[in-house]
Amino acid sequence: MKNLQAAWVDIPDHSDFSIYNLPFGIFSFQDEFPRAGMAVGNQILDLGIAAYHGMFRGILDDDTVFDRPVLNSFIALGKKTTSAVRLRVQEELCHAESKFRSIDKLLVPQSQATMHLPVHVGDVTDFYSSMEHATNVGKMFRDPENALLPNWKHVPVGYHGRASSICVSGVPVRRPWGQRKPSDGPPVFLPSSRLDFELEMAFVVGANSSLGEPISAEHAEDSIFGLMVFNDWSARDIQKWEYVPLGPFLGKSFASTVSPWIVPLEALEPFRVAGPAQDDPEVLPYLKTSGNRNLDLTLEVVIETKSGVSDVICRSNFRYMYWNMAQQLAHHTSNGCNVRVGDMMASGTISGKERGSFGSMLELSWGGKEPLTLSDGSTRSFLEDGDTIIMTGYGEKDGIRVGFGEARAQILPALTPSEEIE
Ligand code: CA
């Protein structure tokens with residue numbers, strides 16, 4: 001990749017939003033309507049204003065595609081168009097004589113903007129594709145000797161999640177009430193006391209597929225627009241009681257938090273790496289992929305507490321995934337199920353081999369048996385009211401950095417019981 005330098009926009013060193021990134025999001029500034037923008041350093045490039053002044057002439061027929069509160073219509077134009085828009089911005093920002101450098105309000109500070117959920121999410125799916133995570137959970141809840149279930153290395157296991165409760169970074173999360181079962185008594189309905197995060201990445205589907213027509217693993221990446229950091233909040237006590245036999249339900253559906261910018265897959269090309277060998281057992285032909293399909297992205301989870309602690313509690317990497325995104329999408333559509341632009345597919349908790357790389361409190365505190373000690377001496381098995389979880393992710397290689405910003409949310413106390421709840 002050639003060495004690029006922004007010519008007329010200040011981009012701080014080590015910014016997530018380098019000239020190589022240029023992710024898409026939806027922002028509003030002051031009391032204006034939400035619309036499409038692109039993160040550049042600490043600023044946002046207003047794509048609608050750029051279009052109005054002709055930056056995308058010859059690429060876009062409809063200049064108003066950015067003046068909408070979600071990116072679905074833009075993404076639906078297809079990768080050829082969305083990539084061309086991104087490359088045109090890159091070219092102009094690197095061009096010292098660009099006529100766009102003098103346009104008023106083309107760039108606004110991120111610190112003064114409000115970010116919004118960038119796509120209308122029609123459907124959300126959550127996979128379970130980290131072998132280390134699935135093994136940890138199997139050891140804790142089933143059989144330490146046979147932790148992985150027999151299907152796990154054959155099927156990219158997943159379930160259909162909830163789209164309505166996906167929140168953009170910054171929106172607080174209310175501790176849910178739910179039914180749970182104490183070991184020594186009947187079920188009770190109370191606020192969850194085992195509230196947890198799950199460190200995940202999610203991809204956004206970039207093209208509609210037709211009902212009845214599977215997407216092949218080899219071509220699945222053509223249907224992936226970009227990626228975000230995804231926190232799949234989980235209430236472990238609710239989950240444990242409800243999940244048999246149909247899987248997660250209210251223990252998961254109360255909220256998920258995503259980072260605000262969608263980083264296009266092409267911006268992540270420099271970070272491609274090989275995935276783990278899939279020869280024991282060999283995967284079925286419809287799931288076979290070739291080439292480097294995993295991404296070397298450093299992931300971190302920070303906890304901030306009301307007492308002022310700010311500690312990194314997990315360092316993991318997206319490269320640890322056993323099943324890659326192309327396999328997930330191929331499997332998802334292998335029965336003829338169609339997908340639509342804006343659908344979100346999360347990876348499943350991304351854990352590494354060591355304790356410090358486990359992507360949930362459930363694993364970090366080993367089911368609550370070995371609480372974490374934070375830097376002020378306080379301990380955590382699960383999350384407390386007032387705790388804030390901040391997830392970040394980035395790739396960095398040969399001086400190129402491409403990051404996702406933050407998926408951040410604070411835990412609010414459970415609602416006070418109403419007469420009906422009591
Ligand atoms: Ca999950």
Side-chain angles (χ1 to χ4, degrees), residues 121 123-142 147-149 151-152 155-167 169 173 175-176 178 192 194-205 227-244 246-259 297 299-301 313-314 316-318 320-325 327-329 331-332 343-352 357-365 367 382-383 389-393 404 407 409 411:
V121 186
D123 284 294
V124 60
T125 303
D126 193 24
F127 285 93
Y128 192 55
S129 293
S130 150
M131 186 157 68
E132 289 76 9
H133 172 69
T135 302
N136 284 339
V137 173
K139 278 184 189 168
M140 266 183 267
F141 293 108
R142 287 183 296 271
L148 278 186
L149 286 166
N151 64 358
W152 197 88
V155 181
V157 172
Y159 70 98
H160 289 114
R162 187 75 199 162
S164 63
S165 54
I166 293 183
C167 304
S169 179
V173 169
R175 180 181 299 273
S192 170
R194 295 193 148 212
L195 186 52
D196 199 355
F197 61 83
E198 288 191 339
L199 170 63
E200 307 195 14
M201 296 296 295
F203 68 82
V204 173
V205 170
L227 281 78
M228 315 164 86
V229 178
F230 189 98
N231 181 351
D232 179 27
W233 297 99
S234 302
R236 300 299 180 193
D237 36 11
I238 301 172
Q239 184 185 357
K240 189 179 178 190
W241 175 229
E242 74 176 0
Y243 89 102
V244 182
L246 290 186
F249 187 29
L250 305 185
K252 299 279 191 174
S253 62
F254 57 95
S256 306
T257 300
V258 292
S259 53
L297 301 176
L299 306 173
E300 272 188 7
V301 182
I313 51 174
C314 165
S316 189
N317 196 302
F318 192 40
Y320 298 146
M321 304 309 294
Y322 186 82
W323 296 107
N324 62 52
M325 294 180 288
Q327 292 174 318
Q328 290 170 341
L329 190 51
H331 182 64
H332 201 300
D343 285 358
M344 211 172 265
M345 302 203 179
S347 58
T349 308
I350 304 161
S351 295
S357 65
F358 293 172
S360 64
M361 291 300 292
L362 178 72
E363 295 161 273
L364 290 165
S365 72
F382 294 93
L383 302 173
I389 291 294
I390 303 139
M391 295 182 178
T392 53
F404 292 82
I411 311 286

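Predicted, not measured: the structure shown is a model, and the values here were computed from it. Read the numbers this way: they start at 1 and go in the same order the structure lists the ligands and their atoms.
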From the list T257, L299, V258, N231, side-chain contact (heavy atoms from CB on, under 4.5 Å) with M391 holds only for N231

Under the 3.5 angstrom rule, does the side chain of R194 hit a backbone N or O of G367 as a donor-acceptor pair?
-> yes

Is there a donor-acceptor contact under 3.5 Å linking the side chains of H133 and S360?
-> no

For E132 and T135, does a side-chain donor sit closer than 3.5 Å to a side-chain acceptor?
-> no

Is the centre of the Y128 ring less than 6.0 Å from the centre of the W323 ring?
-> no

Using a distance threshold of 3.0 Å, what protein N/O/S atoms lie below it relative to the Ca ion (ligand 1)?
-> D126 OD2, E198 OE1, E200 OE2, D232 OD2

Do other residues, nucleotides or ligands put more than 12 heavy atoms under 6.0 Å from the CZ atom of F249?
-> no

